[in-house]
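The next block holds one structure in the form of C-alpha cells; read it before the comments.
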2 protein chains.
Amino acid sequence: MTDSTSQTYTRADEAFDCLQTAIVKGDLAPGDKIGELDLCSRFELTRGPLREALGRLESRGLLVRRPHAGVKVVSLSASELVELYRIREVMEGLAARQAAERMTDQEIADLQATLDAHETMIDEAQGQAYYQAEGDYDFHHRIATGSRNIKLAQMLLGDLYYMVRMYRYRLSTSAGRPHRALGEHRRIVEAIAQRDGELAEFLMKRHINAARKNIEKKIQEGVLTI
Amino acid sequence: MTDSTSQTYTRADEAFDCLQTAIVKGDLAPGDKIGELDLCSRFELTRGPLREALGRLESRGLLVRRPHAGVKVVSLSASELVELYRIREVMEGLAARQAAERMTDQEIADLQATLDAHETMIDEAQGQAYYQAEGDYDFHHRIATGSRNIKLAQMLLGDLYYMVRMYRYRLSTSAGRPHRALGEHRRIVEAIAQRDGELAEFLMKRHINAARKNIEKKIQEGVLTI
DNA sequence: AAGCCTAATATTGTCAACAATCCTAAAGTA
DNA sequence: TACTTTAGGATTGTTGACAATATTAGGCTT
C-alpha cells in the first residue's frame with residue numbers, strides 16, 4: 001500500500017510496513033504501550049526512520065502519541081468499532097456503485113473467479129477464520145480499487161480496512177456466516193456484472209449492515225470483550 | 001486538529017500545522033515542488049521534525065513524495081476533485097443523520113446561531129468568497145463533530161476538508177449560490193432540530209450534490225482550469 | 001497510613017554531520 | 001542537429017550524539 005510506483009524502498013517505508021503488519025496481525029495488540037528503542041531493536045531500525053513511520057501511522061489513526069510520554073496502539077471501544085462499520089457502509093456502497101460503472105469486463109471476470117476460490121477455501125479450511133477473513137478482504141479490496149476513485153480507495157485501503165482487520169481475529173467465527181457472506185458477495189458481483197450501480201450500492205450497504213449487526217449481537221452477548 | 005489533548009507542542013506539530021495551513025491558504029500551490037531546506041529556512045525548522053511532518057502530510061494525501069526526488073504538493077485533476085465530492089456526499093450524509101440523532105439541543109441552537117451569523121456575513125461581505133467559504137466550512141465542521149462518530153469526524157476534518165479547501169479560492173464565486181447554499185443549510189438544521197435523521201441525510205446529500213454539479217458546470221465551461 | 005513533593009532515571013524530542021541517490025548539464029557521437 | 005552518456009552537484013535518506021520532558025520511586029509531611 002505504500003505507493004507501488006516508488007522504485008526505491010526507504011527504511012521509513014520498511015518501518016511503516018513492519019509496524020502496520022505487526023499491528024494488524026496482533027503482534028502489537030490494541031492498547032500496548034511501545035517504546036521507540038524496543039521497536040528499533042525488534043525491527044532492526046534506527047530511530048529516525050522509525051519516528052517518521054510512527055508519524056504516518058498516527059496520522060492514519062492506528063497509533064496514538066502523547067509528547068514525551070510514548071506511543072500506544074489505538075484501542076477501539078465497542079461503540080467505536082461499530083461506528084467504523086457505519087462508515088464502511090456508506091463508503092463501500094459508493095465504491096460498489098462506481099465499480100459497477102467503471103470496472104473492466106476482465107476485472108469483473110477476475111472478481112468472479114476469486115469468489116469461486118473463496119468458496120473452495122471456505123469448504124476446505126472449514127471454520128479457519130483467518131482464510132475466510134483474507135478472502136473477504138480480497139473481495140472488498142478489489143471493489144475499492146475498481147471504483148477508480150483514487151481518494152476513496154486510499155481511504156478504504158489505507159485507513160478503514162487496517163483498523164477493521166486489527167479486530168478480525170477476535171470476531172471471526174460465526175457459524176454459517178461465511179457461506180451467507182459469500183452468497184451476498186455473489187449477488188453484489190452479479191449486480192456489478194449487469195452494470196447496475198444502484199443495486200450494487202444497495203446490496204453492498206446491506207451486506208455491511210449485516211456484518212455490523214452480527215458484531216453488535218456478539219457484543220451484547222458478551223462474546224466480544226473490548 | 002493535531003490532538004488537542006497534547007499539552008506540549010512539539011516542533012513536528014508546529015511543522016505540520018505550518019505546512020498544512022500553507023497548503024490550504026495557497027502559499028504552497030498544488031504541483032509545487034518544494035525542497036526540504038527551503039521549508040526549513042522558511043519556517044525556521046530543522047530537518048528532523050520537518051521530515052516527520054512531511055510523512056504525516058503524505059499519509060493524509062496532501063503531499064506526494066518520491067524517494068530521493070523530493071516532495072510536491074498534491075495536484076488534483078478535475079475529475080479527482082469531482083470524485084472528492086462524491087465521497088463527501090455519502091460521508092457527510094451519514095454525519096448529518098448521526099448528528100440528528102446525537103447532537104445536544106445546545107449544539108443545535110449554536111448551529112442555528114452560526115447560520116444567522118453567516119447570513120449577515122454574506123450580506124455584508126457581498127461576493128467576498130473567502131468569508132463565504134469559511135462560513136460553509138464552519139457549518140460542515142459542526143455537523144461532522146456533532147455526529148459523535150470519532151473516525152468519521154477525523155476523516156472529514158483531517159483529510160477531505162483540507163483537500164477541498166485547497167481549491168476553494170478558485171471556485172468560490174458563483175453568483176447567487178451563497179444564498180441558495182444558506183437556504184439548504186437552514187433546511188438541514190431544521191431536519192436535525194426535528195431529530196429526523198433520514199431527512200437530514202437526504203438533504204445533506206442533495207446539498208453536496210448541488211455543489212458538485214456547480215463545479216462540474218464550471219469545468220465544462222472552462223472557467224475552472226485544473 | 002495516605003497523600004504530596006522531590007529527585008533520579010528512562011524515554012522522547014532535537015540536532016548536525018555523513019552516506020546514498022537522483023537530477024542536470026556538459027561533452028561526445030551518430 | 002539531436003540523442004546518448006557521463007560526471008558533477010545538489011538534495012534526500014540515515015545515523016548517532018545531545019537536550020528536554022514525563023514517569024516513577026522514594027522520602028517526607030500531615
Side-chain angles (χ1 to χ4, degrees), chain A residues 1-20 22-23 27-29 31-75, chain B residues 1-20 22-23 27-29 31-75:
Chain A
M1 186 52 12
T2 311
D3 190 21
S4 57
T5 63
S6 77
Q7 275 126 31
T8 48
Y9 189 65
T10 71
R11 307 285 284 199
D13 292 332
E14 193 185 328
F16 182 77
D17 289 344
C18 284
L19 284 170
Q20 196 166 47
I23 291 170
D27 298 338
L28 294 174
D32 276 8
K33 193 158 90 183
I34 50 187
E36 291 185 1
L37 291 175
D38 292 351
L39 293 176
C40 285
S41 59
R42 188 181 326 191
F43 297 116
E44 310 245 338
L45 290 162
T46 168
R47 283 183 60 216
L50 179 85
R51 281 177 65 75
E52 210 182 302
L54 291 178
R56 288 195 228 173
L57 288 165
E58 185 200 14
S59 179
R60 295 202 178 181
L62 260 65
L63 297 178
V64 279
R65 232 169 163 185
R66 243 182 34 201
H68 293 283
V71 183
K72 70 176 210 266
V73 181
V74 78
S75 170
Chain B
M1 189 50 13
T2 310
D3 190 22
S4 57
T5 64
S6 76
Q7 274 128 30
T8 49
Y9 189 66
T10 71
R11 307 286 285 219
D13 292 331
E14 192 186 327
F16 182 77
D17 290 345
C18 284
L19 283 170
Q20 196 168 45
I23 292 170
D27 297 340
L28 294 173
D32 276 8
K33 193 158 89 183
I34 50 188
E36 292 186 1
L37 292 174
D38 293 351
L39 293 176
C40 285
S41 58
R42 188 185 321 195
F43 297 116
E44 310 246 338
L45 290 162
T46 169
R47 282 184 61 217
L50 180 86
R51 281 177 65 73
E52 210 183 300
L54 291 177
R56 289 196 226 171
L57 288 164
E58 184 200 15
S59 178
R60 295 203 177 179
L62 259 64
L63 298 178
V64 279
R65 232 168 162 184
R66 242 182 35 202
H68 294 282
V71 184
K72 70 176 210 260
V73 181
V74 76
S75 170

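Quick note on labels: first sequence line is chain A, next is B, and so on, each numbered from 1.
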Distance, rounded to the nearest Å, where A:L39 contributes CG and C:dT11 contributes C1': 12 Å

Sugar-phosphate only, base, or nothing, as touched by B:G48 at under 4.0 Å among non-hydrogen atoms: nothing

Position toward the 5' end of DNA chain D (nearest nucleotide), A:H68 or A:T10: A:T10

Most 5' of B:R47 and A:A69 on DNA chain D, judged by nearest nucleotide: B:R47

Spacing of B:L50 atom CG relative to D:dT14 atom P, expressed in whole Å: 15 Å

Distance in angstrom units between B:E36 CD and C:dC15 P, rounded: 14 Å

Under-4.0 Å side-chain N/O to phosphate OP1/OP2 contact, B:R51 with D:dG13: yes

Interatomic distance, B:L54 CG vs D:dT12 P [rounded to whole Å]: 9 Å

Atom pair distance, as rounded to whole Å: CD in A:E14 and P in D:dG13: 15 Å

Touch class at under 4.0 angstrom, heavy-atom based, for B:L45 against every strand present: nothing

side-chain hydrogen bond (donor to acceptor under 3.5 Å, both in side chains) partners for B:R47, two or more places apart: B:E36

Among D:dT14, D:dT23, D:dG13, the nucleotide that comes nearest once only the side chain of A:P49 is considered: D:dT14

Separation of C:dG13 P from B:R56 CZ (nearest whole Å): 10 Å

Gap between atom CZ of A:R65 and atom CZ of A:R51 - 0.5 Å precision: 5.0 Å

Integer-rounded Å distance: D:dG16 C1' and A:L37 CG: 12 Å

B:R66 side chain near C:dC23 phosphate (N/O to OP1/OP2, under 4.0 Å): yes

Side-chain donor/acceptor contact of B:R65 with base of D:dG13 under 3.5 Å: no

Nearest-angstrom distance from the residue atom CD of B:E52 to P of C:dT14: 8 Å

Distance (rounded to the nearest 0.5 Å) between B:I23 CD1 and B:L62 CG: 4.5 Å

Residues in side-chain contact (heavy atoms from CB on, under 4.5 Å) contact with B:A12, at least two apart in sequence or another chain: B:T10, B:P49, B:E52, B:R56

CZ on B:R42 to CG on B:L28, rounded to 0.5 Å: 5.0 Å

